[in-house]
Number of protein chains: 2
Amino acid sequence: MFGMIEAEVFRILSDPTRRAVFERLVGQELSVSELKDSFAVSQPAISQHLAALRNAGLVEERREGRFAYYKANPNGLAPLVNWVDRYRSFWPEKVEKLKDVLKRMDR
Amino acid sequence: MFGMIEAEVFRILSDPTRRAVFERLVGQELSVSELKDSFAVSQPAISQHLAALRNAGLVEERREGRFAYYKANPNGLAPLVNWVDRYRSFWPEKVEKLKDVLKRMDR
DNA sequence: CAAACATATAAGCACATACTTATACGATAG
DNA sequence: CTATCGTATAAGTATGTGCTTATATGTTTG
């Protein structure tokens with residue numbers, strides 16, 4: 001049941017271009033055309049990636065006239081984050097790094 | 001340079017069957033035939049997935065006579081773990097859960 | 001040695017998917 | 001109102017990929 005969602009997030013983020021689109025939208029709202037200028041693909045390709053990301057809950061849309069602004073929804077990463085955390089305990093080497101992440105978050 | 005490796009790990013783990021094979025091998029060494037019995041695909045399919053996982057550094061092989069034993073190498077998850085951590089700070093809701101993970105690791 | 005076994009590789013196929021160009025649709029501008 | 005602009009959708013295509021069956025390779029057994 002929940003595995004399905006996790007599979008979806010994995011599938012959507014496995015494409016390098018689409019993943020890059022998501023990364024570009026983290027903490028930054030951009031219109032489709034602004035986004036397009038960052039990539040070597042056509043506008044329709046961008047729109048298609050955005051639709052896929054939106055469907056997976058990884059991106060949110062805000063309409064304003066003829067413009068469409070998109071930003072990442074980090075909550076959409078939840079299935080992936082949970083998956084990684086499940087196996088993190090088998091991966092002891094970089095625990096310190098993770099603790100640093102938490103420290104930085106507390107500030 | 002490092003992005004390439006991250007892309008590889010994403011690509012390899014995006015297939016549900018292959019991801020399930022990896023999960024099955026976490027903390028447990030299994031031969032190819034033992035592994036095969038857990039899945040609804042043929043033995044060659046399993047071998048192909050194992051070769052892919054091995055190439056990505058996600059799995060390790062140990063040969064013993066005509067048997068081949070595989071186990072997950074959690075270190076291979078490093079690129080994915082790092083990617084997730086990069087965006088975790090934008091995802092504040094489940095920090096408590098993450099702290100629980102660390103607590104469990106300390107024990 | 002020959003047969004059975006465990007696994008890997010080869011070849012082919014069916015299907016998914018990421019891209020393109022062309023076009024539709026709605027909104028603003030002149 | 002018409003043209004232009006921003007975005008989405010449609011249709012077609014090329015490539016990737018996960019699977020299968022068949023076969024090769026190496027190992028143990030009798």
Side-chain angles (χ1 to χ4, degrees), chain A residues 3-25 28-73 80, chain B residues 3-25 28-73 80:
Chain A
M4 297 295 285
I5 298 173
E6 161 194 302
E8 177 76 354
V9 174
F10 260 109
R11 193 178 65 80
I12 294 300
L13 289 178
S14 67
D15 179 69
T17 304
R18 192 159 47 225
R19 191 169 61 253
V21 168
F22 172 82
E23 296 184 38
R24 190 93 176 69
L25 291 172
Q28 187 173 24
E29 197 185 52
L30 291 174
S31 73
V32 176
S33 10
E34 286 170 330
L35 207 45
K36 179 193 59 184
D37 295 337
S38 302
F39 297 94
V41 297
S42 65
Q43 172 266 313
I46 297 290
S47 282
Q48 286 159 19
H49 284 312
L50 287 169
L53 289 165
R54 191 169 178 275
N55 249 321
L58 285 162
V59 135
E60 281 169 5
E61 188 196 28
R62 181 177 64 86
R63 288 220 150 258
E64 192 176 319
R66 51 182 166 174
F67 295 86
Y69 295 97
Y70 287 87
K71 64 175 177 183
N73 173 21
L80 182 60
Chain B
M4 297 295 284
I5 299 173
E6 162 195 302
E8 177 76 354
V9 174
F10 260 110
R11 193 177 66 80
I12 293 301
L13 289 178
S14 68
D15 179 69
T17 304
R18 192 159 47 225
R19 191 169 60 254
V21 167
F22 172 82
E23 296 185 37
R24 190 90 176 69
L25 291 173
Q28 186 174 25
E29 198 184 53
L30 291 173
S31 72
V32 177
S33 11
E34 285 170 331
L35 207 45
K36 179 193 61 183
D37 295 337
S38 301
F39 297 94
V41 297
S42 65
Q43 172 266 314
I46 297 290
S47 281
Q48 286 160 19
H49 284 312
L50 287 170
L53 288 165
R54 192 169 177 275
N55 250 321
L58 285 162
V59 134
E60 280 170 5
E61 186 196 30
R62 182 175 64 86
R63 287 216 150 263
E64 193 177 319
R66 52 181 165 175
F67 296 87
Y69 294 97
Y70 287 87
K71 64 175 177 183
N73 173 20
L80 182 60

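Reminder, nothing fancy here: chain letters follow the sequence lines and each chain counts from 1.
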Please report the distance, rounded to the nearest Å, between [atom1] in [X] and [atom2] in [N].
X: B:D37; N: C:dT7; atom1: CG; atom2: P; value: 10 Å
X: A:I46; N: D:dT9; atom1: CD1; atom2: P; value: 15 Å
X: A:E34; N: D:dT7; atom1: CD; atom2: C1'; value: 13 Å
X: A:R62; N: D:dG6; atom1: CZ; atom2: P; value: 16 Å
X: A:L50; N: D:dA8; atom1: CG; atom2: C1'; value: 11 Å
X: A:K36; N: D:dA8; atom1: NZ; atom2: P; value: 12 Å
X: A:R66; N: C:dA27; atom1: CZ; atom2: P; value: 11 Å

To the side chain of [X], which of [options] is closest?
X: A:R63; options: D:dA8, C:dA18, D:dC5; answer: D:dA8
X: A:V41; options: D:dT7, D:dT20, C:dC19; answer: C:dC19
X: A:Q48; options: C:dT7, C:dC19, D:dA8; answer: C:dC19

**Report entry** Terminal axis angle for the helix from C:dC1-D:dG30 to C:dG30-D:dC1, five pairs an end, nearest 10 degrees
**Finding:** 10°

Requested in this report: Look at the side chain of B:Q43 and the base of C:dA8, then say whether one donor and one acceptor between them are separated by less than 3.5 Å.
Outcome: yes

Verify the contact: side-chain N or O of [X] to OP1 or OP2 of [N], cut-off strictly under 4.0 Å; return yes or no.
X: B:S42; N: D:dC19; result: no
X: B:T17; N: D:dG18; result: no
X: B:Y70; N: C:dA6; result: no
X: B:H49; N: D:dC19; result: yes
X: B:R11; N: D:dT17; result: yes
X: A:S33; N: D:dG6; result: no

Query raised in the report: Looking at residues at least two apart in the chain, or sitting in another chain, which of them share a side-chain contact (heavy atoms from CB on, under 4.5 Å) with B:S42?
Result: B:P44, B:A45

Query raised in the report: Hey, can you pull the residues of residues 53-60 of chain A with a non-hydrogen atom under 4.0 angstrom from DNA chain D?
Result: none

Query raised in the report: A:E61 near the nucleic acid: base, sugar-phosphate alone, or nothing, with a heavy-atom cut-off under 4.0 Å?
Result: sugar-phosphate

